[in-house]
Every structure is written in C-alpha cells, then in structure tokens.
Amino acid sequence: QVQLVESGGGLVQAGGSLRLSCTASGRAFSAYNMGWFRQAPGKEREFVGVVTWSGDRTVYADSVKGRFTISRDSAKNTVYLQMNSLQHEDTAVYYCAIDRVLRRRGSIITIPLGYDYWGQGTQVTVSS
C-alpha cells in the first residue's frame with residue numbers, strides 16, 4: 001500500500017511563491033513517475049506537471065509553464081512543486097499522485113485516471 005502526504009500549502013499574495021512537498025511511503029518510489037494535479041471549486045481536476053521516475057524529464061501544463069518547477073529526491077521519497085509568480089487563478093487544492101506503471105524512460109501521462117494513488121491534497125490560496 002502506498003501513502004502520499006502533501007504539505008506546504010497556504011495563503012499567499014499574488015506574485016508570491018510556495019513550495020509543496022509530497023512524501024511517499026512504501027518501496028520502489030524511485031521506479032515511478034510522480035504527478036501534480038489541482039482542483040479548483042466547481043472545476044475538474046487538472047494536470048499541473050509530472051516528473052519521470054529517472055528525474056530527467058518534466059512536463060508542465062501550459063498554464064504553469066515557466067512559473068512552476070517539479071523536482072524529486074528519491075533518497076527522501078519526496079517530490080516537490082516549487083510555485084513562483086503565483087496568480088489568483090492558481091487557487092486550488094493541489095494533489096500529488098503516483099503512476100505505478102513501469103514506463104520506459106521519458107514516457108509520461110497527464111490524465112488523472114492514469115494515476116493509482118493520491119495524496120489528501122493541500123490547499124493553495126492566492127489573494128489578488
């Protein structure tokens with residue numbers, strides 16, 4: 001059983017920064033891609049970004065490209081989401097998720113259905 005625990009959310013002014021963390025329990029964390037998603041009230045869960053199991057490829061949604069950065073520390077079983085230049089439109093609950101399919105190097109998916117385990121979510125609120 002895999003458990004994911006997010007932290008780092010909060011209230012920030014527009015233009016500010018936050019760093020979210022997601023720590024996984026269980027073995028073989030380093031073998032799987034890790035994704036970040038978000039869900040605003042009344043909206044569907046949307047893809048934010050993903051880092052491959054090897055850590056050498058990241059893919060981002062257009063809406064966050066250039067502002068958000070994903071990284072991972074396999075020694076700590078942790079993936080990070082650094083969010084800069086935050087905008088009011090970034091307000092949402094942020095979730096990390098693990099894609100427990102052994103994918104070839106560089107291969108990623110961006111749809112929520114492709115991810116097997118999810119964290120509980122952490123609220124990010126950006127005041128304008």
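With hydrophobic clusters built from ILVMFWY side chains whose heavy atoms lie under 4.5 angstrom apart, L86 does not share a cluster with F47. Both M83 and V48 are assigned to one and the same hydrophobic cluster, defined by single-linkage of ILVMFWY side chains at heavy-atom distances under 4.5 Å. Following chains of ILVMFWY side-chain contacts shorter than 4.5 Å, one cannot reach V5 starting from F29, and the two form parts of different hydrophobic clusters. V64 and V124 fall within a single hydrophobic cluster, where Ile, Leu, Val, Met, Phe, Trp and Tyr are joined by side-chain heavy atoms under 4.5 Å apart, directly or via other members. Under a hydrophobic clustering in which Ile, Leu, Val, Met, Phe, Trp and Tyr are joined whenever their side-chain heavy atoms come within less than 4.5 Å, directly or via other members, F68 and M34 fall into the same cluster.
The heavy-atom pair separating I70 from G49 by the smallest distance is CD1-C, 3.2 Å. Closest of all the heavy-atom pairs between V93 and Q123 is CG2-OE1, 3.2 Å. When every heavy atom of L4 is checked against every heavy atom of Q120, the shortest pair comes out as O-OE1, 3.5 Å. Between Y60 and T69, the shortest heavy-atom distance links the atoms OH-CA, 3.3 Å. Scanning both residues, A92 and A40, for their nearest heavy atoms gives CB-N, 3.8 Å. In terms of heavy-atom proximity, S30 sits nearest to S74 at CB-OG, 3.6 Å.
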Step-by-step side-chain hydrogen bond (donor to acceptor under 3.5 Å, both in side chains) determination, T52 to N33: CA-CA 4 Å; T52 57; N33 295 350; 5.0 Å; no
I108 and R103: CA distance, side-chain angles, deciding distance, side-chain contact (heavy atoms from CB on, under 4.5 Å) verdict: CA-CA 8 Å; I108 60 102; R103 299 192 181 275; over 6 Å; no
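At distances below 3.5 Å, not a single donor-acceptor pair connects side-chain atoms of H88 with backbone N or O atoms of S127. Between the side chain of E6 and the backbone N or O of G121, at least one donor-acceptor pair lies under 3.5 Å.
No side-chain heavy atom of V12 sits under 4.5 Å from any side-chain heavy atom of T125. Looking only at side-chain heavy atoms (C-beta outward), C22 and Y80 stay at 4.5 Å or farther from each other.
Remark: Q3 CD is loosely packed, at most 12 non-hydrogen atoms of other residues, nucleotides or ligands lying under 6.0 Å away.
With a 6.0 Å cutoff to the six-membered ring centre and a 45° limit on the axis angle, R45 counts as a cation-pi contact of Y95. Taking the centre and axis of the six-membered ring of W53, the NZ or CZ atom of R105 falls inside the cone set by 45° and 6.0 Å.
Looking at T91 and E89, their side chains never bring a donor and an acceptor atom within 3.5 Å of each other. A donor atom on one side chain and an acceptor atom on the other are found under 3.5 Å apart for Y94 and R38. For the 3.5 Å distance criterion, the side chains of T78 and D73 fail to qualify, holding no donor opposite an acceptor.
Atom SG of residue C96 and atom CG of residue L81 lie 10.0 Å apart, to the nearest 0.5 angstrom. The structure places CG of N77 at 8.0 Å from OG of S25, a figure rounded to the nearest 0.5 Å. For the atom pair CD1 of I98 and OH of Y32, the computed distance is 7.0 Å after rounding to the nearest 0.5 Å. The distance from atom CZ of R72 to atom OG1 of T58, rounded to the nearest 0.5 Å, is 11.5 Å. Of the inter-residue distances, the one linking R67 atom CZ with S85 atom OG reads 7.0 Å to the nearest 0.5 angstrom. Residue Q87 holds its CD atom at 11.5 Å from OG of S128, rounded to the nearest 0.5 Å.
By the salt bridge (charged side-chain N to carboxylate O under 4.0 Å, His left out) test, R100 pairs with no residue at all, sequence neighbours left out.
Every pair passing ring pair (Phe, Tyr, Trp, His ring centres under 6.0 Å) that includes a residue from residues 107-128 is listed here, sequence neighbours excluded: F37-Y115, F37-W118.
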